[in-house]
Amino acid sequence: MKHIPIVFLLFVFSISLLRAQFTISGQAMGPEGPATEATVTLINGVDSSFVAGLYTDSLGTFELLDIDQGDYILKIQHVSFGWAERNLDLGRDMTLGVINLKNEGQSLSQVIVSGQRVRLEQSLDKIAVNLDQAVLSAGGTALEVVKQMPFITFDPEGNISIAGKSDIQILIDGKVSGFAASQGVSFLEQLDVSSIQRIELILNPSARQDARGGAGIINIIRKKNQEEGWKGNWELSLGNRDRYGAALRLNNRNNNWNGFFNYSFRQLTRRARSTTEQLQLLDNESFLLLQNGQSKRYDKRHQLEIGLDYYFSDNTYLTLAGNLRYRDKDAGGLLNSYFIQSPNLLLEERHSFSQEPENNNGYGVELRYRSKPNNGKPLMDALLEVFHSLEDETIRRGDRFMDTGFTQDSLATFYQDFNDRIAFSWDLEYQLDNDVQLEWGLQWIFRNIEQDYLAQFASGTGPSIELQDSLDNQFFYQDHIAAVYGTWAKEGESWQYELGLRLEQLFNNYSVENSGENFGNRLFSLFPSLKVAYSPGEKQNFSFSYNRRINRPSPNRLNPFPDFAQPYRLQLGNPELKPEFIHLFSLGYSHQWTSISWFSSVFYRNYQDLIQRITSLQEDGTTLLSPINIDRLHNYGWNNNFGFRSEKIDIQFSLIYFVNQFDSEEVDNRGDGYQLKWVGDWQIEKNLALQLLANYFGPSEVSQGHQKSYFFCDLGLKWNFNKKKTSLSFQLSDLFNTLREASILDVQNLYRENVEKIDTRRGQFTLSWKF
């Protein structure tokens, strides 16, 4: 409460600001010269109302005068040369320079859907969400945005998947980042949305992208300041159940220099309840394990990014940036277990108390040079990154047995993970003529990972506990990846082609200290890609794509150290895992009407040596979860996305149906699944918008059982004031409190039903101010 006067003063001050008027100018160019008499339209970025318009002169130039400060969309259209669109955050006189028009239907990246608020853009090879006006993402993380995207499945734990597969790669500005590479999809929950311009989902990658990830790629595009002077925004968020956060973003552009500062803090809490019923058969005897538990987790996250850009020209710059992330997590809970021999003989009653404090911090430094001139010279993008992180985790578990008197066991596991990474990439694009483009590049990555492990066991009767045994070990991992690639693309009036080939050489080795085991791989791989598109008219497109991908086992899956976090269950890594290879095929069609759009594709993915976590029953009655390679998985299905757009409404409805067919001696299972997702945006009035997200994931078969269906609905409201520079948002997630995870494990001699309900219904207010 002590911060309320400060917030109130800032609120009053922001309302008192007045908006100046500015000029927007530029030149529209077609493939053969200036775009004379092209239509230039400026619309309001919030409510899509008309602001100003004119025609370009004989040189293709235009100038819009006396425009108020704010967010706008500039559209340029020419009968012969095509169109262009720019999102503008107007705070000064803006000279846009040369704007090249593109002809509709003649680009694999052609936009066929453009929503008004979330601004969903969908093409034949990717889907993008612009965050300028997104309601449900305000004050949140990248994960809140990703779960709005078509074809993405979001579960109660925050995990995401596509068509039942979770092997999704995260890129930052088109490049592999150290933080994203080490944390995977969980990195999305740590990336503050205030620093993001747009998020892309690439379903059909080409040879230019890193070869990892069979299900798809999520590319995070960060904001880049182009305006003179100071610019920034701050956000304050407050939610129920001890959830709150703050973010500050600053930029200062002065001639050729631009300095930027981004900081965010977020505290998250999670409460959960779970029940488990497990029936198992041992030595022809039936045993029943009943468990019920509750847990609570506090999670505090700090993120800081500082950097400096030097602009040689508007499209050529050098960036030096450093980022720091710190995470402090403390979790604990109680799990009650009852081990019963059929019919009703209680063999063991155990009450397990756990505490899991964890610190995770890391830093990264990157140097990037990017040049995209307008004079026909090639585009060049070079990046050097150094990354280091340290994860320090402790698991303490105390067990009390009530069946044979008051006895107790104690377990403490100490785990440290040191992760160092150096990466370099270089890319070059060259336009040979108006319809042929070449691209080539190289990539080199070095990683060094050390994982230290110590487990201590103690037991006693009554209040006394004595140390019984200790287990310590170390796991070392190193890898080198060198890659080169090239692509050739050609655009005609109706046909477009892209051919690509990526060559990768992997060297890795890893060892376990106590056992003296050493493993290593020398693997050379080819990753071809092909894209073909045909446009019979301006509103229709057909496409076909093929590419080959790879998923290398992570160090955590290779690490053989046991995880004793839960009684009766043991988890182990497998140092003998091999990488899995994927062949991806897709056939797509899109059609755009005046207000309605439709995108549809059928896909097939063939996984070889699929890495799969397998549960088995041990002789002592415990279950073991460990990854293995199984022979093959056939993953195929059908994607659909329908869009409707009017002046005040933008609705997107997606449907995905998929089949997973496992083909292996260890796993022989086949099942299907489907997902329905509906996202609607309403501009209630000029300064008030509403967004509603509804998601249903149907029952589906997994490798060793069955995933039950679940449904959730999110609601968001956003009110703009102070001439749209200040906004107040409210988000209510899991409106009907229906999101829960329920699964069935059904393998030989073992049947388990598990239900977990997390406190997913949460409300949050966010106050945001741009300056």
Side-chain angles (χ1 to χ4, degrees), residues 126-127 129 141-171 180 183-189 199-205 212-220 549-551 553-554 556-557 580 582 584 586 601 603-607 610-613 627 630 633-641 654-662 667 669-677 679 693 695-712 739-745 754 756 758 760:
K126 68 182 177 183
I127 299 168
V129 171
T141 66
L143 188 63
E144 274 79 26
V145 183
V146 168
K147 74 177 184 179
Q148 302 174 39
M149 304 182 77
F151 317 137
I152 292 285
T153 300
F154 175 86
D155 71 12
E157 290 284 350
N159 302 311
I160 62 173
S161 60
I162 301 174
K165 294 300 297 173
S166 58
D167 51 328
I168 301 172
Q169 184 182 186
I170 309 298
L171 302 180
Q183 299 170 8
V185 172
S186 63
F187 174 72
L188 295 173
E189 197 175 5
I199 297 180
E200 299 175 342
L201 172 61
I202 304 173
L203 296 173
N204 304 306
R212 292 184 301 115
I217 291 175
I218 292 177
N219 185 26
I220 310 293
R549 312 286 291 169
I550 187 174
N551 284 318
S554 66
N556 288 336
R557 290 191 173 186
E580 60 184 30
I582 311 105
L584 290 82
S586 176
S601 69
F603 63 89
Y604 170 73
R605 301 183 179 101
N606 184 299
Y607 288 76
L610 174 73
I611 300 173
Q612 192 73 22
R613 291 184 180 270
I630 66 175
L633 166 68
H634 305 278
N635 172 248
Y636 53 91
W638 185 30
N639 291 324
N640 284 276
N641 190 72
S654 63
L655 163 67
I656 180 171
Y657 172 80
F658 64 91
V659 176
N660 282 326
Q661 181 176 336
F662 298 88
V667 179
N669 193 16
R670 181 187 183 279
D672 58 0
Y674 64 94
Q675 179 196 19
L676 304 174
K677 181 178 290 188
V679 183
L693 164 67
N695 190 99
Y696 176 79
F697 186 76
S700 62
E701 296 294 321
V702 294
S703 61
Q704 290 187 294
H706 179 78
Q707 185 76 35
K708 293 186 178 181
S709 63
Y710 56 85
F711 166 81
F712 68 89
L739 182 56
R740 68 172 187 169
E741 185 172 29
S743 61
I744 294 176
L745 174 70
N754 185 78
E756 183 177 35
I758 302 173
T760 48

Which heavy atom in [X] sits nearest to a heavy atom in [Y], and how many Å separate them?
X	Y	value
Leu693	Lys147	CD2-O, 4.1 Å
Leu584	Gly214	CD2-O, 3.0 Å
Ala215	Ile162	O-CD1, 3.7 Å

Would you compute the distance between atom [atom1] of [X] and atom [atom2] of [Y] and round it to the nearest 0.5 angstrom?
X	Y	atom1	atom2	value
Ile218	Met149	CD1	CE	7.0 Å
Ile160	Asp155	CD1	CG	9.5 Å
Gln675	Ser700	CD	OG	10.5 Å
Ser601	Phe151	OG	CZ	6.0 Å
Leu203	Phe603	CG	CZ	9.0 Å
Arg613	Arg557	CZ	CZ	5.0 Å

Are any of the side-chain heavy atoms of [X] and [Y] separated by less than 4.5 Å?
X	Y	answer
Leu676	Asn695	no
Glu701	Asn669	yes
Pro699	Gln707	no

Among residues at least two apart in sequence or on other chains, which ones pass ring-ring contact (aromatic ring centres under 6.0 Å, His included) with [X]?
X	value
Tyr636	none
Phe154	Phe712
Tyr607	none

Sequence-distant partners of Tyr657, side-chain contact (heavy atoms from CB on, under 4.5 Å), two or more places apart: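 Tyr657 satisfies side-chain contact (heavy atoms from CB on, under 4.5 Å) with Val659, Asp672, Tyr674 only.
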Could you tell me which residues satisfy side-chain contact (heavy atoms from CB on, under 4.5 Å) with Ser166, sequence neighbours excluded, listed by chain and number?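 Ser161.
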Return the set of residues passing side chain to side chain donor-acceptor pair (under 3.5 Å) with [X] (not counting sequence neighbours), or none when no residue passes.
X	value
Asn551	Asp167, Glu580
Ser703	Gln612
Arg212	Gln169, Asp210
Asn635	Arg605, Asn660

Spell out, as yes or no, whether a donor-acceptor pair under 3.5 Å connects the side chain of Asn219 to the backbone of Leu201.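 Side chain of Asn219 to backbone of Leu201: no pair is present.
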Show your reasoning for whether side chain to side chain contact (heavy atoms under 4.5 Å, CB included) applies to Leu655 and Asn641. CA-CA 6 Å; Leu655 163 67; Asn641 190 72; over 6 Å; no
Should the ring pair Tyr604 and His634 be called parallel, tilted or perpendicular, given that the plane angle runs from 0 to 90° and is split at 30 and 60?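 Tyr604 and His634: parallel rings.
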For a side chain to side chain contact (heavy atoms under 4.5 Å, CB included) check, start with the C-alpha distance between Ile199 and Val146, then their side-chain angles and the critical distance, and finish with the verdict. CA-CA 8 Å; Ile199 297 180; Val146 168; 4.2 Å; yes
Do Ile217 and Leu171 pass the side chain to side chain contact (heavy atoms under 4.5 Å, CB included) test, and can you show the C-alpha distance, the side-chain angles, and the key distance before you say yes or no? CA-CA 7 Å; Ile217 291 175; Leu171 302 180; 3.5 Å; yes
Residues in salt bridge (Lys or Arg N to Asp or Glu O under 4.0 Å) contact with Glu741, at least two apart in sequence or another chain: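 Applying salt bridge (Lys or Arg N to Asp or Glu O under 4.0 Å) to Glu741 gives none.
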Could you pull out all residues at least two apart from Lys677 that satisfy salt bridge (Lys or Arg N to Asp or Glu O under 4.0 Å)?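 Partners of Lys677 under the salt bridge (Lys or Arg N to Asp or Glu O under 4.0 Å) test: none.
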Phe662 vs Leu610, side chain to side chain contact (heavy atoms under 4.5 Å, CB included): CA-CA, chis, key distance, verdict: CA-CA 9 Å; Phe662 298 88; Leu610 174 73; 3.9 Å; yes
Partner of Lys165 under side chain to side chain contact (heavy atoms under 4.5 Å, CB included), chosen from Thr153, Leu633, Ile582: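 Single side chain to side chain contact (heavy atoms under 4.5 Å, CB included) partner of Lys165 among Thr153, Leu633, Ile582: Leu633.
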